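Because the structure is a prediction, the values reported are computed rather than measured.
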Amino acid sequence: MRKKICILLAVLWMGFIFYMSHQPEKISRVQSNNVIRVIKKVSKSEEIKKNINSFVVRKGAHMFLFCVLGILFFGSVYNGDNILKSVFIALLLAFLYACSDEYHQTFVVGRSGQFDDVLIDFIGAFIGVFIVSLIVKLNIFKKKIQVTM
């Protein structure tokens with residue numbers, strides 16, 4: 001049941017990424033500027049207020065979106081046996097979707113597909129997959145310790 005839920009959530013999340021990537025550059029810029037305004041408003045750090053910019057927000061959004069996607073892909077393929085195989089498959093799926101996402105952006109007004117963004121997406125997916133696989137590994141290790149005691 002967990003795998004089916006992860007697959008469904010991954011497909012929905014991919015749809016959300018597609019929707020966000022389909023926004024023309026002007027709308028995307030407005031969305032980024034709105035996020036910057038909120039960050040500046042709620043941040044107590046003058047350093048953050050001074051240095052936050054559209055580039056940081058956009059690349060951070062890429063990483064976050066693909067971090068979540070990597071976690072969902074891992075949950076979709078992990079069967080309780082081979083963590084390393086699941087990590088590889090999840091990262092491969094995330095990389096392929098990142099490539100298709102950047103290609104998709106070449107058809108959107110004012111947007112362009114960039115390999116740098118594929119790498120940023122992949123780094124986000126890697127972080128998500130690393131965290132979730134580490135949690136799974138620690139849970140397995142914890143269960144083994146409990147069984148031996």
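- Taking 4.5 Å as the limit, every side-chain heavy atom of Arg111 sits out of range of all side-chain heavy atoms of Thr106.
- A 4.5 Å side-chain heavy-atom check between Ile131 and Ile71 finds every atom pair outside the cut-off.
- The shortest heavy-atom contact between Asp81 and Tyr78 is N-CE1, 4.0 Å.
- Phe122 places a side-chain heavy atom less than 4.5 Å from the side chain of Leu91.
- Taking CD from Gln31 and OG from Ser54, the interatomic distance works out to 11.0 Å, rounded to the nearest 0.5 Å.
- Neither Met1 nor Val11 shares a network with the other; the hydrophobic side chains, linked directly or stepwise wherever heavy atoms of I, L, V, M, F, W or Y lie under 4.5 Å apart, form separate groups for each.
- No chain of hydrophobic side-chain contacts below 4.5 Å, direct or via other Ile, Leu, Val, Met, Phe, Trp or Tyr residues, connects Tyr19 to Tyr103.
- Atom CD1 of Ile17 sits about 4.0 Å away from atom CZ of Phe66, to the nearest 0.5 Å.
- When each of Val87, Leu134, Leu93 is tested with Val129 by the rule side-chain contact (heavy atoms from CB on, under 4.5 Å), just one qualifies, namely Val87.
- In the hydrophobic clustering of this structure, Ile7 does not group with Val132; members are Ile, Leu, Val, Met, Phe, Trp, Tyr whose side-chain heavy atoms approach within less than 4.5 Å, directly or through other members.
- At a threshold of 4.5 Å between side-chain heavy atoms, the hydrophobic network of Ile, Leu, Val, Met, Phe, Trp and Tyr places Ile52 and Val35 in one connected group.
- Around NZ of Lys3, the count of heavy atoms belonging to other residues, nucleotides or ligands within 6.0 Å exceeds 12.
- Atom CG of Asp101 and atom CG of Leu65 lie 8.5 Å apart (nearest 0.5 Å).
- Put simply, CD1 on Ile83 and NZ on Lys137 are 5.0 Å apart, with the number rounded to the nearest 0.5 Å.
- Rounding to the nearest 0.5 Å places OG of Ser133 at 8.0 Å from CZ of Phe126.
- Contact annotation: the side chain of Phe74 approaches that of Val136 to within less than 4.5 Å [non-hydrogen atoms, C-beta and beyond].
- For the residue pair Glu102 / Ser100, no side-chain donor-acceptor distance below 3.5 Å is found, with atom types taken as modelled.
- There is a path of hydrophobic side-chain contacts, each under 4.5 Å, that joins Met20 to Phe64.
- The shortest side-chain heavy-atom distance between Leu69 and Met14 falls under the 4.5 Å cut-off.
- Under a cut-off of 6.0 angstrom, the local environment of CG in Leu84 is sparse, with at most 12 non-hydrogen atoms contributed by other residues, nucleotides or ligands.
- Taking 4.5 Å as the limit, some side-chain heavy atom of Ile127 sits within range of a side-chain heavy atom of Met63.
- Atoms CD1 and SG, on Ile123 and Cys67 in that order, are 12.0 Å from each other to the nearest 0.5 Å.
- For the pair Arg2 (side chain) and Gly75 (backbone), a donor-acceptor distance under 3.5 Å is present.
- In summary, Asp117 and Arg58 do not engage in a salt bridge, as defined by a charged side-chain N under 4.0 Å from a carboxylate O.
- Ring centroid separation for the pair His22 and Phe18 comes in under the 6.0 Å cut-off.
- Across Gly70 and Ala90, no two heavy atoms sit closer than the pair O-CB, 4.1 Å.
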Could you go through the side chain to side chain contact (heavy atoms under 4.5 Å, CB included) check for Arg37 and Asn34 one step at a time?
CA-CA 5 Å; Arg37 269 190 237 102; Asn34 288 339; 2.6 Å; yes

